[in-house]
Amino acid sequence: MIELGKYNTLKVARDTSVGIYLSDGKDDVLLPNKYVPKEFEIGDEMTVFVYLDHEERLVATTLEPYIYLNEFALLRVSYTNKFGAFMNWGLEKDLFVPFKEQARPMEKGKRYLIHMFLDEKSNRLVGSSKLSQFLKNDDITLEIGEEVDLIVSHITDLGINVIINERHKGLLYTNEVYDDLHTGDRITGYIKAIRADKKIDVSLQKPGFESIEPNAEKILDELRASRGFLRLNDDSHPEDIKTVLKMSKKAFKKAIGTLYKQKLIEIKEDGIYLVKA
């Protein structure tokens with residue numbers, strides 16, 4: 001069965017004046033001439049992305065879309081009309097987001113994080129910025145400390161809402177984030193806590209002592225880049241540490257403690273020094 005919104009590996013069934021038809025043995029889909037390779041033979045296998053053209057017919061392309069079925073992506077609105085918004089997703093036909101699927105009215109030229117799904121009534125690929133309906137926290141198989149893929153959803157006073165592994169909702173606390181993050185950013189994180197109410201806290205650092213190693217390496221890199229000296233120590237203000245190293249004072253103190261024990265640095269009143277080998 002040929003699947004909409006996904007890559008399909010199909011066989012070349014026949015050549016026509018408008019392109020070649022690819023088949024899964026049951027159904028056919030047209031790959032227009034502009035995407036047909038210079039050399040091919042009947043029976044060759046090709047991997048193509050399948051969607052609906054302007055006349056709602058199955059069509060294949062070798063272009064790579066910005067989003068796939070049941071996934072999330074930050075897309076820009078090409079134009080709007082009385083039916084909804086149309087977003088650029090890298091293909092000839094824009095992705096439709098009806099008004100009922102807009103968390104707030106979309107505007108031309110602006111970007112929004114959306115989810116693409118197959119509308120069962122129309123059998124069309126549709127986008128939605130009402131993301132919560134596609135995220136479930138009732139069947140969590142994650143473990144504390146597990147590495148996960150995160151997508152920044154939206155930023156509030158409490159923290160940064162994220163999508164975990166394209167399945168769950170999670171929260172990054174603002175005071176634990178030392179980089180500028182924006183909606184749509186894709187980052188790696190770690191499960192910090194799974195609460196009784198099924199809410200998930202995540203961190204950008206491995207929990208516990210495992211987080212010391214990357215922080216220690218980061219400090220070493222900064223020392224090497226700064227001729228072996230950083231004007232930071234145990235008494236430094238947290239904001240100064242955050243500005244230079246993008247880490248908390250607690251993480252900094254743990255990291256320099258590790259480096260000091262390994263005799264890689266010296267800690268003095270004016271800062272820390274790299275021990276020369």
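Since the structure is predicted, the reported quantities are computational estimates derived from the model, not experimental observations.
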Pairing of [X] and [Y] as salt bridge, 4.0 angstrom limit:
| X | Y | result |
| --- | --- | --- |
| R224 | D221 | yes |
| D138 | K198 | no |
| K93 | E55 | no |

Point-to-point distance, once rounded to the nearest 0.5 Å, from [atom1] of [X] to [atom2] of [Y]:
| X | Y | atom1 | atom2 | answer |
| --- | --- | --- | --- | --- |
| S128 | F96 | OG | CZ | 11.5 Å |
| L91 | F49 | CG | CZ | 6.0 Å |
| L232 | I241 | CG | CD1 | 6.0 Å |
| E217 | L264 | CD | CG | 9.5 Å |

Look at the side chain of [X] and the backbone N and O of [Y], then say whether any donor-acceptor pair between them is shorter than 3.5 Å.
| X | Y | answer |
| --- | --- | --- |
| D185 | V152 | no |
| K130 | K100 | yes |
| N8 | T47 | no |
| Q262 | L259 | no |
| D197 | K199 | yes |
| D24 | I2 | yes |
| S203 | K192 | no |
| N165 | D149 | yes |
| D53 | V59 | no |
| S226 | L223 | no |

Relative to the ring of Y68, is the ring of Y7 parallel (under 30°), tilted (30 to 60°) or perpendicular (over 60°)? tilted

Hey, are [Y] and [X] close enough side-chain-wise for a donor-acceptor pair under 3.5 Å?
| X | Y | value |
| --- | --- | --- |
| N215 | Q205 | yes |
| S78 | N88 | no |
| S122 | D119 | yes |

Between E107 and R76, is a salt bridge (Lys or Arg N to Asp or Glu O under 4.0 Å) present by the stated rule, with each step listed? CA-CA 9 Å; E107 300 178 38; R76 190 182 302 277; over 6 Å; no

Please test K249 against D234 for salt bridge (Lys or Arg N to Asp or Glu O under 4.0 Å), starting from the C-alpha separation and ending with a verdict. CA-CA 8 Å; K249 183 169 182 176; D234 288 352; over 6 Å; no

What are the two closest heavy atoms between [X] and [Y], and how far apart are they?
| X | Y | result |
| --- | --- | --- |
| P98 | V126 | CD-CG1, 3.4 Å |
| L142 | I194 | O-CD1, 3.5 Å |
| M87 | V77 | CE-CG2, 3.8 Å |
| A60 | V48 | CB-CG2, 3.7 Å |
| W89 | D94 | NE1-C, 3.6 Å |

Would you please indicate if the ring centroids of F99 and F83 are separated by under 6.0 Å? no

[X], [atom1]: over 12 other non-hydrogen atoms inside 6.0 angstrom:
| X | atom1 | result |
| --- | --- | --- |
| R231 | CZ | no |
| Q133 | CD | yes |
| R104 | CZ | no |
| D180 | CG | no |

Has K268 got its NZ or CZ under 6.0 Å from the middle of the six-membered ring of Y273, at an angle within 45 degrees of the ring axis? yes

Taking the side chain as every heavy atom from C-beta outward, state whether H237 and K242 have any atom pair closer than 4.5 Å. no

Would I151 end up clustered with L69 when hydrophobic side chains under 4.5 Å apart are linked, directly or stepwise? no

